[in-house]
Each structure stands twice: as structure tokens, then as C-alpha cells.
Amino acid sequence: MDLAARHQLRRVAGLRTELEDITEVEYRQLRLERVVLVGVWTEGTEQDAENAMAELALLAETAGAEVLDNVFQRRQKPDPATYIGRGKVDAVREIVDFSGADTVVMDGELAPSQLRNLEDKLKVKVVDRTALILDIFAQHAKSKEGQAQVELAQLQYMKQRLRGWGGNLSRQAGGRVAGGAGIGGRGPGETKIESDRRRINDKIAKLRRELKEMTGTRSTKRLSRHRNQIPSVVIAGYTNAGKSSLLNKLTDAGVLVENALFATLDPTTRRTTTADGREYTMSDTVGFVRHLPHQLVEAFRSTLEEVGEADLILHVVDGSHPDPELQIASVREVFADIEGASAIPELIVINKADAADPLVLDRLQRREPHSVVVSAKTGQGIAAALAQVESELPRPGVEFSVLLPYSRGDLVDRIHRAGEIATLEHTADGTRVTGRANEDLAGELSTYAV
């Protein structure tokens, strides 16, 4: 149902309803936004540059665009004025005119001056990689917290890039001038762009207060799990690596699955049990991407805290990707920005084994010895991955040997859910149990110690 709802409003390329009768005043045209991709290659091999442009094309298509052409160039560093240099600007202008594109997407984060200069010279809309990713997030966020996080990131990005057409945002707005700004303006001398920036700052402050309240709710749930000492496993990794598919396969979570970048943004947590009955939680998180915008890392910090609080990280990698090592490095860069994440045990899960080259899988396993190979689509390796997860969950720290009366069946149930049972025997006097438990449960069991 979620997938159907997402697709039902998607525009269709080439569907035209232009009316030939000139007496009709109604005119409709329904088509995808037509874009040209432009990149700057400053380091790495040419294959790396081609992979980066292929990823940018996937991002553009996910955002609802039709990619007409792409071009990238080798430079020591981006041009400070136009990012790609004067000569390449002229070449891109020719491509735009020839193809009829209405948008140019740059593979990098542009400074406000670069954005303005490019739009002035190309005469079409120019967006950078950050704006493109923010647009995808805005389309896919469903929960109230996710929508607030995306809006906060968009406002932080927009605040530095306000610009006026002609003198539109440079007029002064004090007193009753400029459309009656009146009370609320800072007085004579305040320009329209300053007023807009102040409104954005007010909205940012409001969103941060709302997110702080939502973070409190999430922290309460997390504290409840910690109080009951329920281990937590977090599934993290590159976007479209198959994290949601893996969560569905491991826990029957029923999370939306789509072959698209950033298909799911809202974190999902499911409670499950090990083969011997111990409870633990498994959480899906937002996907990462190469050069993830810092605005998003900041805005989604409350969501990413799930990674920093976990007992085990399942780092999912797309084994069929042209450069899976780059995926691993990009995700670990984000881990470095999350407090405590670098110290948490990490299990590499190489997904999509059914579509991957066996030589690539062997190379990845040699590079990452602590890894398992699975296919969430076919089920290959899922049982082995679950067994590995269960073996790496934190074990209760206190050994016990007790004789529980049959009236305390509740304690036997808690041992099954939160402890480890070595032996269990039903005797005439009660249930004799040995094993390991956490400190709280061991304290309650000490009354019946033998």
C-alpha cells in the first residue's frame, strides 16, 4: 500500500494533452523534469568518476527527473566562481540548449555565489547534490519526526542561499513601507532578505524545540529497553543496499521495500527472540550515501543515536555494486560522526549474493574477515547470519544455580526471555535451573539459590 501510494502521483514522461484548437484556453503538459548532470573529478580513477555519475543519475531519477545527458571533467580543484570553469560552462550551455533540459544537477555542494553565477550563465535552474538529496528526503519522509528533520535540514540549507531577482529582496521594509511590514520588522533599514532570513531562523528554532520533545519520547523507549536490559541490534549501511529487505527477512517487519535510493527514512524497531528464547530488538536506520550532506547528519542526529546506543551493528553492503569498498568507507565516515558508534562491534553483511560476482564476494570476505554473505531476496545465508548475530549478542554476566518453587513460574519465564539457561530440571521440590542472568534478575533469584 505504501508503494502504491508513492507511485500514484508520479509523473509520466511523454504524456501530453496539448489542445490543437487555438480557441481553447486550457493547456496541459505532463512530463518529468529534464536534467543534465555535471561532475568534477578531482581524485581517484576514471572508473570512480563514472560510478559517481551513475549514482547521481539514480538520485535524479529517484527525485522524479529524466536524465538527458551527463558530463564530467578532470580538475585539480573546483573553480571558485563557477565550480566547473568558464570553458566548461559554455559547453554545458550548448548541451542544455541542444537537449532542451530545464535543470542542471551538479555533483557537489555549491557555494551560494557559484549557484548564482551558474544560473546567470546557463539560464536554467541549477541544483547541487545536497539539494537533490534533500528533495528525495522530503518526498519519502512519512512520520512527523522524519518530516520535521527534513524540513530543518532544508531550512538550514536554504538560509545561506537566499537571493532576490533584481531588487526584489533588497528593498527596505521598515514601518509601513514595502507592503505594510509593520510591527515585527526591525525598523527602518531592514531589507526583505534579512526579514526572510529572520523568519527562517524562527522556524528553525521552533523545529528544534519540536524535535527535542520527540527525542525525549524516543529516549524514554530506549531507556525502557535498557532498564529491562534487552540487547539491541541496528541495521545500518549504504542506501539501497537491502537493509529493509534484510529486516523483513529476519523479523517479518513488513517495512516498505523499493529498488530506489532512500526508499525508507523512518527508523523501524522490531522485537524478536533468539533460538533459545532470549529477547532482543532489531532496528532499521536511514541509509547513508557518499558525501551525505552535513545538514542531514545534524538533523537526523536523534535517529542516528540508535546506532550509537546499539550492542551490535549489522553493516549491510551491496555485493553487486560496482564499488562496494567505497560503500563501506562512506558508511564508516558517518559512523565516525556518531558518538560511540566506532566502539560498537560491527558485523559486515554482504547482501545481494544472488546478483553479485563470486570473485567480488571472495575479495570482500578477504578484506572484511568478520562478515557473512546473504541474499535477502532468495534467503541464502540468512540462517547463518542469524546464528552469527545471536552468538555476538552480549551475554548475561552473573552465573546462578537456583531451585524455584512451582509458584514462581514468572521467574522461569523471565530467565527464558532475558537470561541463558544451561540446565533445567523439574523435581519434586520445584524447578532446578542453572545458567546466567543480568544483575537485576540474579538479585531476585538469589533468594532461591542452592
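Count residues from 1 along the sequence.
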query = Any idea which heavy atoms bring Val373 and Ala353 closest together, and the distance?
reply = CG1-CB, 3.5 Å

query = Going by the side chain to side chain donor-acceptor pair (under 3.5 Å) test, which pairs reach into residues 399-414, not counting sequence neighbours?
reply = Glu399-Arg436, Arg408-Asp410, Arg408-Tyr448, Asp413-Arg417, Arg414-Glu444

Candidate pair His321 and Lys352, rule side-chain contact (heavy atoms from CB on, under 4.5 Å), full reasoning = CA-CA 9 Å; His321 190 269; Lys352 305 187 182 181; over 6 Å; no

message = Looking at every heavy atom in both Val104 and Val92, which two are closest together, and how far apart are they?
response = CG2-CG1, 4.3 Å

Ser99: partners by side-chain hydrogen bond (donor to acceptor under 3.5 Å, both in side chains), with sequence neighbours left out = none

query = Hey, mind stepping through Leu37 and Asp107 against side-chain contact (heavy atoms from CB on, under 4.5 Å) and telling me if it holds?
reply = CA-CA 7 Å; Leu37 311 179; Asp107 187 27; over 6 Å; no

message = I'd like to check the side chain to side chain contact (heavy atoms under 4.5 Å, CB included) partners of Glu368; sequence neighbours left out, ordered by chain and number.
response = Ile328, Arg332, Ile348, Ser371

Asp48-Thr45 side chain donor-acceptor pair, cut-off 3.5 Å = yes

request  = State, to 0.1 Å, how close Ala437 and Leu441 come at their nearest heavy-atom pair, and which atoms those are.
outcome  = CB-CD2, 3.9 Å

query = Does Thr285 reach the main-chain N or O of Ile235 with its side chain, forming a donor-acceptor pair under 3.5 Å?
reply = yes

query = Nearest heavy-atom pair of Gly381 and Val374: which atoms, and what distance?
reply = O-CG1, 3.4 Å

inquiry  = Closer than 3.5 angstrom, by distance alone: can the side chain of Lys243 be matched with the main-chain N or O of Tyr238 as a donor-acceptor pair?
reply    = yes

task = Quick one: do Lys88 and Val40 satisfy side-chain contact (heavy atoms from CB on, under 4.5 Å)? Show the steps, please.
result = CA-CA 10 Å; Lys88 187 60 69 173; Val40 172; over 6 Å; no

key: From CD1 (Ile350) to NE2 (His315), nearest 0.5 Å   = 10.0 Å

inquiry  = Please enumerate all residues that pass side chain to side chain contact (heavy atoms under 4.5 Å, CB included) together with Asp135, with sequence neighbours excluded.
reply    = Ala63, Gln139

query = With a 3.5 Å cut-off and no angle check, do the side chains of Thr434 and Thr423 form a donor-acceptor pair?
reply = yes

message = My understanding is that only residues two or more places apart in sequence, or in another chain, count here; which of them pass side chain to side chain contact (heavy atoms under 4.5 Å, CB included) with Arg366?
response = Asp362, Arg363

task = Return the minimal non-hydrogen interatomic distance between Val150 and Leu134, and the atom names on each side.
result = CG1-O, 4.1 Å

Exercise: identify the closest heavy-atom pair between Ala376 and Leu246 = CB-N, 4.0 Å

ask   = When you check the side-chain N and O atoms of Asn51 and Glu55, is any donor under 3.5 Å from an acceptor?
value = no

With Thr274 via side chain to side chain contact (heavy atoms under 4.5 Å, CB included) - residues at least two apart = Asp276, Arg278, Tyr280, Glu390, Leu393

